[in-house]
Novice: 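One structure, pasted below without further comment.
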Amino acid sequence: MDDLALKLGHIRIGWVNCGREEAASCYRCWSPDHMAARCKSPDRTELCYRFGHKGHQAKDYKGKPACVLCPERGADNYRHASTSSSCPLARKITQARR
């Protein structure tokens, strides 16, 4: 049963599909490839995670999201929040860990 759950990526418990927990990312710079204790990247804790600017919160931001990590690493697709699971950079790093 455990091997099947790993292959599927989720398991059904009652009415709920439970997925695997994604790997944690750095809360300081939002990068998915390290933790805050080893972070040497810019501190983004005061920025909006949807657009990367200071002075507003994500819930108040109405524009299109823009990932701050993808352009830094040369990715073209950056129309997602920096902490989104749909970030291609985060997916690539998460898959490499498996």
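Reckoned from all heavy atoms, side chains included, excluding hydrogens, waters and symmetry mates.
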Novice: Sequence neighbours excluded, which residues qualify as salt bridge (charged side-chain N to carboxylate O under 4.0 Å, His left out) partners of R73?
Specialist: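 For R73, the residues satisfying salt bridge (charged side-chain N to carboxylate O under 4.0 Å, His left out) (neighbours in sequence not counted) are D33.
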Novice: Side-chain polar contacts of residues 36-44 - donor-acceptor pairs under 3.5 angstrom, sequence neighbours left out - could you list them?
Specialist:
unit_1 : atom_1 : unit_2 : atom_2 : d
D43    : OD1    : T45    : N      : 3.0
D43    : OD1    : T45    : OG1    : 2.8
R44    : NH1    : C29    : O      : 2.8
R44    : NH2    : E72    : OE1    : 3.1
R44    : NH2    : E72    : OE2    : 2.3

Novice: Which heavy atom of H80 sits nearest to which heavy atom of C70, and what is that distance?
Specialist: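 The pair with the smallest heavy-atom distance is NE2-SG, 3.5 Å.
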Novice: Can you confirm whether D76 is buried at CG, in the sense that more than 12 heavy atoms of other residues, nucleotides or ligands lie under 6.0 Å from that atom?
Specialist: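 No, because the 6.0 Å sphere around CG of D76 holds 12 heavy atoms or fewer from other groups.
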Novice: Listed by chain and number, what are the side-chain contact (heavy atoms from CB on, under 4.5 Å) partners of K54, not counting sequence neighbours?
Specialist: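 So K54 forms a side-chain contact (heavy atoms from CB on, under 4.5 Å) with E46, L47.
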Novice: Evaluate the side-chain proximity of P32 to L69: yes if any heavy-atom separation is below 4.5 Å, no if none is.
Specialist: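 The answer is yes; the side chains approach within 4.5 Å.
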Novice: If every non-hydrogen atom of T83 is compared with every non-hydrogen atom of W30, which pair is closest and at what distance?
Specialist: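 Smallest heavy-atom distance, with atoms named: CG2-CG, 4.0 Å.
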Novice: What's the shortest heavy-atom distance between S82 and C67, and which atoms?
Specialist: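 Looking at all heavy atoms of both residues, the shortest contact is OG-CA, 3.5 Å.
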Novice: Can you list everything that forms a ring pair (Phe, Tyr, Trp, His ring centres under 6.0 Å) with Y49? Sequence neighbours excluded, please.
Specialist: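 For Y49 there are no ring pair (Phe, Tyr, Trp, His ring centres under 6.0 Å) partners, ignoring immediate neighbours.
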